[in-house]
Amino acid sequence: MATAYWCIVEDDRKGSPKKVMAEVLGEAGRLAGANVEAVWLTDKASDEGIKQLGAWGASKVWVLENAAFAPYMGEVWVPALAELVAKESPKAIFAPVTSRMREFVARLAARLGAGLSADSVALAMEGDALVATRPVYAGKLLAKMTWAKTPWIATLRPNVFKPAESAAGKSAQVEKPSVKIPAARMKLVERREEVSTGLPELTEAEIVISGGRGMKGPENYVILEDMGKVIGAAVGASRAAVDAGWRPHRFQIGQTGRTISPKLYLGFGVSGAIQHLAGMRTSKIIVAVNKDPEAPIFKIADYGIVADLFEVVPALTDEFKRLLDKS
Amino acid sequence: MKIVVAIKQVPDTATQVKIGGDPKAIDTAGITWIVSPYDEFAIEEALRLKEKRGQGEVIAVSLGPDRVKEALRSALAMGCDRAIHLNDPAWANADTLATAQALAAVIKQEQPALVLCGRQAIDDDMGAVGAQLAEVLGWPCASWIMEEAVDADAKSVRVGRQVEGGLEVFDLPLPAVLSAQKGLNEPRYPTLKGIMGAKKKEIKDVKAGDLGLTPAAPQVAVKNLEALPARPPGRVIQGEIKDAVKELVRALREDAKAI
Ligand SMILES: Cc1cc2nc3c(=O)[nH]c(=O)nc-3n(C[C@H](O)[C@H](O)[C@H](O)COP(=O)(O)OP(=O)(O)OC[C@H]3O[C@@H](n4cnc5c(N)ncnc54)[C@H](O)[C@@H]3O)c2cc1C
Ligand SMILES: Nc1ncnc2c1ncn2[C@@H]1O[C@H](COP(=O)(O)O)[C@@H](O)[C@H]1O
């Protein structure tokens with residue numbers, strides 16, 4: 001009988017699992033108790049990384065380590081993992097939503113002939129069946145999804161699920177199965193790194209600051225970046241700001257940009273159009289600063305200030321600084 | 001060079017969606033339908049490829065009920081040469097995999113050098129069909145592409161795929177499946193001439209049987225749709241900016257525990 005819940009490991013490409021794995025393993029543990037296993041396809045897995053997965057609750061770590069797994073290529077990863085799935089028949093396969101996991105997990109589901117719930121925001125057992133909740137129609141509704149059979153395959157939206165506490169004593173059994181590695185037809189030419197802002201990645205950040213058309217111009221984003229440095233936040237933008245050329249597209253939040261779900265979202269000069277909300281509506285706490293009291297963003301904001309953002313932002317940054325210097 | 005573009009018809013994001021009498025689906029009364037925005041990037045890219053090479057054919061394919069003809073007509077108005085409509089009640093409950101299998105069957109018949117999809121359809125927001133299509137076809141695939149260039153012999157395509165922290169540039173042998181991310185291009189608007197011309201272009205109706213397919217039972221299904229849980233009522237902090245900011249930071253720390 002299939003009992004194991006597999007969590008596919010997203011890593012930092014330097015041998016360590018990303019923090020989001022605490023959320024995936026935590027949720028799997030909540031559903032499956034001790035039957036949680038991590039599966040790590042990588043070109044290098046560090047011992048500390050394996051330990052960390054154990055501390056987050058994996059009873060076993062399947063390490064598929066091979067130079068061919070970097071960079072991610074679907075045509076290499078999918079057959080390799082499908083071979084292991086065929087041998088081990090896990091009951092569920094979970095992964096965090098990241099650029100490569102999104103594609104990988106969809107392809108894997110197709111290869112296995114199994115169902116997928118992408119970008120899930122809740123998982124629960126109803127009797128013997130897993131039910132996933134996922135936003136649809138630009139986040140205007142939620143769909144409850146059920147599977148025809150196992151494995152239940154799902155990707156999990158970051159920052160939504162409660163992370164596992166790291167239990168230092170716990171350790172995982174390590175398995176290094178041998179699987180056939182198919183030859184890749186596609187070939188990496190280069191990787192173009194973005195100029196680092198020194199701030200966290202938009203989709204991973206626990207706090208996101210977003211600047212809209214109210215920012216008035218590209219030169220003003222520096223005040224948001226200053227705040228970002230103080231509170232460790234990523235700085236994103238609305239489409240109006242991106243289309244105006246003030247910010248590169250990778251910073252766009254919303255339906256045609258990135259979906260984020262931080263613990264805290266702070267919007268400055270963002271009106272809160274439905275397409276913007278689509279990308280940030282599952283944020284835990286929403287703060288809006290806008291000089292128009294009728295701006296739709298106030299309808300979903302937990303806290304709002306109706307004022308000129310150029311007066312609020314510097315004052316707020318100072319206040320954050322004062323608070324964080326104290327603690 | 002022959003290119004297939006997979007397009008989905010979806011409700012316009014600006015229109016309100018309501019749960020229908022059958023809670024598995026939305027009430028479609030009064031909905032304005034559009035071509036999913038990412039699919040417009042895919043169409044645009046296909047048209048540019050054809051124009052750049054001075055030859056080729058762009059075929060728009062969509063699976064869905066009768067109303068989908070309108071979306072295909074828009075694709076033809078933009079400049080696609082012909083369209084294929086996978087129109088069969090047997091696909092009414094198709095999940096992403098069944099959709100990918102149906103699209104794959106048409107693509108096998110057409111044998112294009114390239115298939116373009118959107119990164120995700122903005123109704124189900126699954127972002128799966130493109131990748132699953134590549135898997136069913138056994139073709140190389142790159143998702144969320146921001147740039148694309150086909151070599152002179154149409155043997156391979158160089159793409160930049162958006163990943164965390166950068167862009168990964170790959171060469172893929174053709175045929176291949178690509179999914180379009182915003183930023184790839186700026187889709188054109190159909191011209192009046194395009195709209196008139198579209199009326200004369202072919203939209204072929206295809207049934208599951210024509211492809212030798214019996215659609216498999218869906219592997220995932222919507223049990224029901226639900227409204228969003230109401231957010232607790234928000235609070236507008238009044239007063240002088242200096243005080244409002246202090247109160248906001250206090251509330252974020254002490255009440256919301258968000259900082
Ligand atoms: C298919 C489609 C997809 C889309 N996808 C996205 C998407 O992914 N992301 C997205 O964001 N949008 C998207 N949009 C666009 C969306 O509809 C809005 O046009 C956009 O979000 C507006 O951006 P904004 O809030 O910055 O600008 P506006 O709506 O112009 O709002 C600016 C706000 O700033 C306030 N303001 C101005 N000056 C100040 C000041 N000094 N201090 C305080 N407040 C000030 C104003 O009161 C106003 O409320 C999409 C649209 C379509 C049709
Ligand atoms: N019913 C459909 N007909 C044609 N293409 C589709 C259909 N559904 C999805 N696609 C394509 O697959 C992409 C991803 O869709 P999805 O996985 O549903 O988010 C879309 O942008 C389309 O290019």
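Residue numbering restarts at 1 for every chain, and letters A, B, ... go by the order of the sequence lines.
- The OG atom of A/Ser99 lies 11.0 Å from the CZ atom of B/Arg119; values are rounded to the nearest 0.5 Å.
- The residue among A/Glu204, A/Arg258, A/Arg250 with the most heavy atom pairs within less than 4.5 Å of chain B is A/Arg258.
- Between A/Arg134 and B/Asp125, the shortest heavy-atom distance links the atoms NH2-O, 3.0 Å.
- A/Ala109 and B/Gln132 get closest at one heavy-atom pair: CB-NE2, 3.8 Å.
- Note that CG of B/Asp171 and NZ of A/Lys187 are 5.5 Å apart. Values are rounded to the nearest 0.5 Å.
- Both the backbone and the side chain of A/Val312 come within contact range of chain B, with heavy atoms under 4.5 Å apart.
- Heavy atoms of B/Gln181 lying under 4.5 Å from chain A belong exclusively to its side chain.
- Closest of all the heavy-atom pairs between B/Phe170 and A/Tyr72 is CZ-O, 4.0 Å.
- By a heavy-atom distance cut of under 4.5 Å, B/Pro218, B/Gln219, B/Val220, B/Ala221, B/Val222, B/Lys223, B/Asn224, B/Leu225, B/Glu226, B/Ala227, B/Leu228 are the residues of residues 213-228 of chain B near chain A, going up by number.
- Highest contact tally toward chain B, considering only A/Ile274, A/Leu264, A/Leu323, A/Leu202, is held by A/Leu323 [criterion: heavy-atom pairs under 4.5 Å].
- Remark: side-chain polar atoms of B/Arg231 are paired, donor with acceptor, to backbone N or O of A/Lys284 under 3.5 angstrom.
- A donor-acceptor pair is defined here as one N or O able to donate and one able to accept, closer than 3.5 Å; no such pair exists between the side chain of A/Arg102 and the backbone of B/Ser143.
- Both the backbone and the side chain of B/Leu167 come within contact range of chain A, with heavy atoms under 4.5 Å apart.
- Counting non-hydrogen atoms of other residues, nucleotides and ligands closer than 6.0 Å to CD of B/Gln16 gives a total of 12 or fewer.
- The environment of NZ in A/Lys149 is crowded: more than 12 heavy-atom neighbours from other residues, nucleotides or ligands sit within 6.0 Å.
- Ranked by non-hydrogen atom pairs under 4.5 Å with chain A, the options B/Pro37, B/Ala128, B/Cys141 are led by B/Cys141.
- When the candidates B/Ala244, B/Gly166, B/Gly165 are compared by the number of heavy-atom contacts under 4.5 Å with chain A, B/Gly165 comes out ahead.
- Neither the backbone nor the side chain of A/Glu10 has a heavy atom closer than 4.5 Å to any heavy atom of chain B.
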Task: Test log, rule side chain to side chain contact (heavy atoms under 4.5 Å, CB included), inputs B/Val163 and A/Arg191 - done: CA-CA 10 Å; B/Val163 296; A/Arg191 195 185 143 91; 3.4 Å; yes

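- Considering only heavy atoms from C-beta on, B/Pro11 comes within 4.5 Å of A/Tyr137 through its side chain.
- In this structure, A/Glu103 and B/Glu135 have side chains that are not in contact, with every pair of non-hydrogen atoms separated by 4.5 Å or more.
- With a threshold of 4.5 angstrom between heavy atoms, A/Asp243 approaches chain B through side-chain atoms but not through N, CA, C or O.
- At a 4.5 Å heavy-atom cutoff, B/Ser36 makes no contact with chain A through either its backbone or its side chain.
- More than 12 heavy atoms of other residues, nucleotides or ligands sit less than 6.0 Å from atom CD of A/Glu193.
- Only the side chain of A/Val287 has a heavy atom closer than 4.5 Å to any heavy atom of chain B.
- Of the listed residues (A/Ala307, A/Pro71, A/Pro248), the one with the most heavy-atom contacts under 4.5 Å to chain B is A/Pro71.
- Both the backbone and the side chain of A/Ala143 have a heavy atom closer than 4.5 Å to some heavy atom of chain B.
- In plain terms, the two heavy atoms of B/Ala131 and A/Arg107 that are nearest each other are O-CG, 3.2 Å.
- Considering only heavy-atom pairs separated by less than 4.5 Å from chain A, the leading option among B/Ile26, B/Val10, B/Thr96 is B/Ile26.
- How far CG of B/Leu97 is from CG of A/Leu116: 9.5 Å, rounded to the nearest 0.5 Å.
- Between the CE atom of A/Met73 and the CD atom of B/Glu168 there is a distance of 9.0 Å, given to the nearest 0.5 Å.
- Annotation: the span from B/Glu164 atom CD to A/Thr203 atom OG1 amounts to 5.0 Å, rounded to 0.5 Å.
- Contacts of A/Leu141 with chain B are made by both backbone and side-chain atoms, with heavy-atom separations under 4.5 Å.
- Heavy atoms from other residues, nucleotides or ligands lying under 6.0 Å from CG of B/Asn93 number 12 at most.
- With a 4.5 angstrom heavy-atom cutoff, A/Glu190 touches chain B via backbone and side-chain atoms both.
- Across B/Gln238, B/Arg158, B/Glu247, B/Gln120, the residue that shares the most heavy-atom pairs under 4.5 angstrom with chain A is B/Arg158.
- Taking A/Arg100, A/Glu201, A/Lys299, A/Glu206 one by one and counting their heavy-atom pairs under 4.5 Å with chain B, the maximum is reached by A/Glu201.
- When A/Asp318, A/Ile286, A/Val289, A/Asp308 are compared by the number of non-hydrogen pairs under 4.5 Å with chain B, A/Ile286 comes out ahead.
- Looking only at heavy-atom pairs under 4.5 Å with chain B, the residue among A/Thr98, A/Asp119, A/Val195 that has the most is A/Thr98.
- Of the atoms belonging to A/Ser283, it is backbone heavy atoms, and not side-chain ones, that fall under 4.5 Å from chain B.
- Residues A/Pro293 and B/Val236 have side chains not in contact (no heavy-atom distance under 4.5 Å, counting atoms from C-beta outward).
- Annotation: maximal heavy-atom pairing with chain A below 4.5 Å, among B/Gly183, B/Pro229, B/Pro173, occurs at B/Pro173.
- Heavy-atom distances place both the backbone and the side chain of A/Arg281 under 4.5 Å from chain B.
- The nearest pair of heavy atoms linking A/Arg185 to B/Gly138 is NH1-O, 2.9 Å.
- Near-neighbour residues of residues 248-259 of chain B relative to chain A, defined by a heavy atom under 4.5 Å from a heavy atom of that chain, comprise B/Leu248, B/Val249, B/Ala251, B/Leu252, B/Arg253, B/Asp255, B/Ala256, B/Ala258, B/Ile259.
- Looking at heavy atoms from C-beta onward, A/Gln255 lies in side-chain contact with B/Thr13 at the 4.5 angstrom threshold.
- For B/Lys242, no part lies under 4.5 angstrom from a heavy atom of chain A.
- Counting heavy-atom pairs closer than 4.5 Å to chain A, the top residue among B/Ile237, B/Leu172, B/Asp123, B/Val136 is B/Asp123.
- Rounded to the nearest 0.5 angstrom, A/His249 NE2 and B/Lys182 NZ are separated by 4.5 Å.
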